[in-house]
Amino acid sequence: MHTGPETVEQAIAVQESLRSQVDTAGPGPQQPRYVAGLDVAYAGDEFAAAVVVLDGLEVVDRAVVLGRTAFPYVPGLFAFREVPGLLTALERLRTTPELLVCDGQGLAHPRRFGLACHLGVVTGLPSVGVAKTAFVGTWQEPGPRRGDASELLLDGEVVGKALRTQNKTKPVFVSVGHRVDLATAVARVLDLTPRYRLPETTRAADRVCRQALKDSQDEETAR
DNA sequence: GCGACAG
DNA sequence: ATCTTGTCGC
């Protein structure tokens with residue numbers, strides 16, 4: 001399993017150091033075949049980190065890693081809680097994803113280095129962040145239809161989009177992670193949300209990590 | 001100082 | 001994230 005910083009100060013230093021490596025040039029993958037979804041489920045300090053690879057809507061590869069949290073949840077340092085397990089899971093795939101769809105922010109972060117940027121930089125793979133709620137920035141309510149979007153602004157900069165993925169449902173917050181531009185990130189998220197508010201990748205990864213965590217917890221109880 | 005704060 | 005039943009709406 002990968003390890004990371006031990007203190008808040010060290011973690012912030014790591015972000016400050018890695019942020020310069022983020023590539024926002026784009027455009028990024030236009031017709032990716034393999035798209036990965038990543039998610040982590042917790043039960044106390046135990047976790048199950050899952051990565052699933054979809055080819056269209058079919059899961060063609062997956063990896064799950066069980067472990068113990070080594071970093072608490074601290075707003076702004078969320079990545080240090082999830083990266084170790086997710087990185088290990090990514091290494092266990094037999095497929096190389098063309099895009100990582102992360103459950104959280106990318107550039108829409110206080111230091112412009114959220115989970116999606118972090119995973120993108122350390123793997124070198126294109127990545128986008130899709131969060132269920134905003135973390136930083138201001139935005140206007142987007143139009144009511146699927147595809148409607150508004151800018152997420154932070155210090156006068158566009159750090160993401162509030163994107164409506166289904167008619168009359170709350171928007172999701174899309175931001176660039178690494179090696180992709182915002183327009184492409186939004187296009188890929190719309191591709192992945194033909195029916196639900198959240199990307200199919202995220203939904204699939206969520207099911208996998210929750211089930212894996214439950215299985216390990218049940219086994220814990222059984223002995 | 002106070003409140004808010006990805007998952 | 002997680003704790004948790006039923007319930008309103010498409």
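Below, chain A is the first sequence line, B the second, and so on; all start at residue 1. This structure is a prediction, so every number in the text was calculated from the model and none was measured.
- In this structure, A/Arg94 does not pair ionically with A/Asp61, as no charged nitrogen and carboxylate oxygen lie closer than 4.0 Å.
- A salt bridge links A/Asp103 and A/Lys132; the closest N-O separation between the charged side-chain nitrogens and carboxylate oxygens is under 4.0 Å.
- Across all strands, A/Ala134 comes closer than 4.0 Å only to sugar-phosphate atoms, never to a base (heavy-atom distances).
- Across all strands shown, A/Phe78 has heavy atoms under 4.0 Å from base atoms, whether or not it also approaches the sugar-phosphate.
- In this structure, a donor-acceptor pair under 3.5 Å is present between the side chains of A/Arg146 and A/Thr193.
- Of the residues in residues 120-133 of chain A, those lying under 4.0 Å from DNA chain B by heavy-atom distance are A/Ala131, A/Lys132, A/Thr133.
- A/Gly106 and A/Cys117 get closest at one heavy-atom pair: C-SG, 3.3 Å.
- As a member of the Ile/Leu/Val/Met/Phe/Trp/Tyr network built from side-chain separations under 4.5 Å, A/Tyr196 groups with nothing else and remains a singleton.
- Evaluation of the ring-ring contact (aromatic ring centres under 6.0 Å, His included) rule for A/Tyr42 yields no partner, not counting sequence neighbours.
- Judged by distance alone, the side chain of A/Gln105 and the main-chain N or O of A/Gly114 form no donor-acceptor pair under 3.5 Å.
- One finds the CZ atom of A/Arg62 at 11.0 Å from the CG atom of A/Leu54 (value rounded to the nearest 0.5 Å).
- Within residues 174-212 of chain A, no residue has any heavy atom closer than 4.0 Å to DNA chain B.
- Ion pairing of A/Arg145 with A/Asp148 is absent here, as no side-chain N (NZ or NE/NH1/NH2) approaches a carboxylate O to less than 4.0 Å.
- Under the 4.0 Å criterion applied to side-chain N and carboxylate O atoms, A/Arg164 and A/Glu141 are assigned as salt-bridge partners.
- With a 6.0 Å radius and a threshold of 12 heavy atoms from other residues, nucleotides or ligands, A/Gln10 has its CD atom above the threshold.
- Residue pairs meeting the ring-ring contact (aromatic ring centres under 6.0 Å, His included) criterion with at least one partner in residues 59-89 of chain A, sequence neighbours excluded, are A/Phe71-A/Phe80, A/Phe80-A/His118.
- In terms of hydrophobic clustering, with Ile, Leu, Val, Met, Phe, Trp and Tyr side chains grouped at heavy-atom distances under 4.5 Å, A/Leu182 and A/Leu100 are assigned to a common cluster.
- When the side chain to side chain donor-acceptor pair (under 3.5 Å) test is applied to A/Gln30, the partners found at least two apart in sequence or on another chain are A/Thr184.
- For DNA chain C, there is no stem of at least three Watson-Crick or G-U pairs with distances under 3.5 Å.
- Taking the 5' to 3' direction, DNA chain C first and last meets chain A under 4.0 angstrom from a heavy atom at C/dA1 to C/dT2.
- Heavy atoms of A/Ala41 sit under 4.0 angstrom from primed sugar atoms or phosphate atoms, though from no base atom.
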What's the verdict on side-chain hydrogen bond (donor to acceptor under 3.5 Å, both in side chains) for A/Arg111 and A/Gln15, showing C-alpha distance, side-chain angles and the deciding distance?
-> CA-CA 8 Å; A/Arg111 287 172 291 282; A/Gln15 292 183 328; 2.7 Å; yes

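- Between A/Leu213 and A/Lys168, the one whose closest nucleotide on DNA chain C sits nearer the 5' end is A/Leu213.
- The line from CG of A/Leu38 to SG of A/Cys209 is 10.0 Å long, rounded to the nearest 0.5 Å.
- Pairs of Watson-Crick or G-U wobble type, with distances under 3.5 Å, never assemble into runs of 3 or more in DNA chain B.
- For A/Arg112, the side chain to side chain donor-acceptor pair (under 3.5 Å) partners two or more places apart in sequence, or in a different chain, are A/Glu157.
- Sorted pairs that involve residues 200-223 of chain A and meet ring-ring contact (aromatic ring centres under 6.0 Å, His included), not counting sequence neighbours, are lacking altogether.
- Taking a heavy-atom distance under 4.0 Å as the criterion, the stretch of DNA chain B touched by chain A extends 5' to 3' from B/dC5 to B/dG7.
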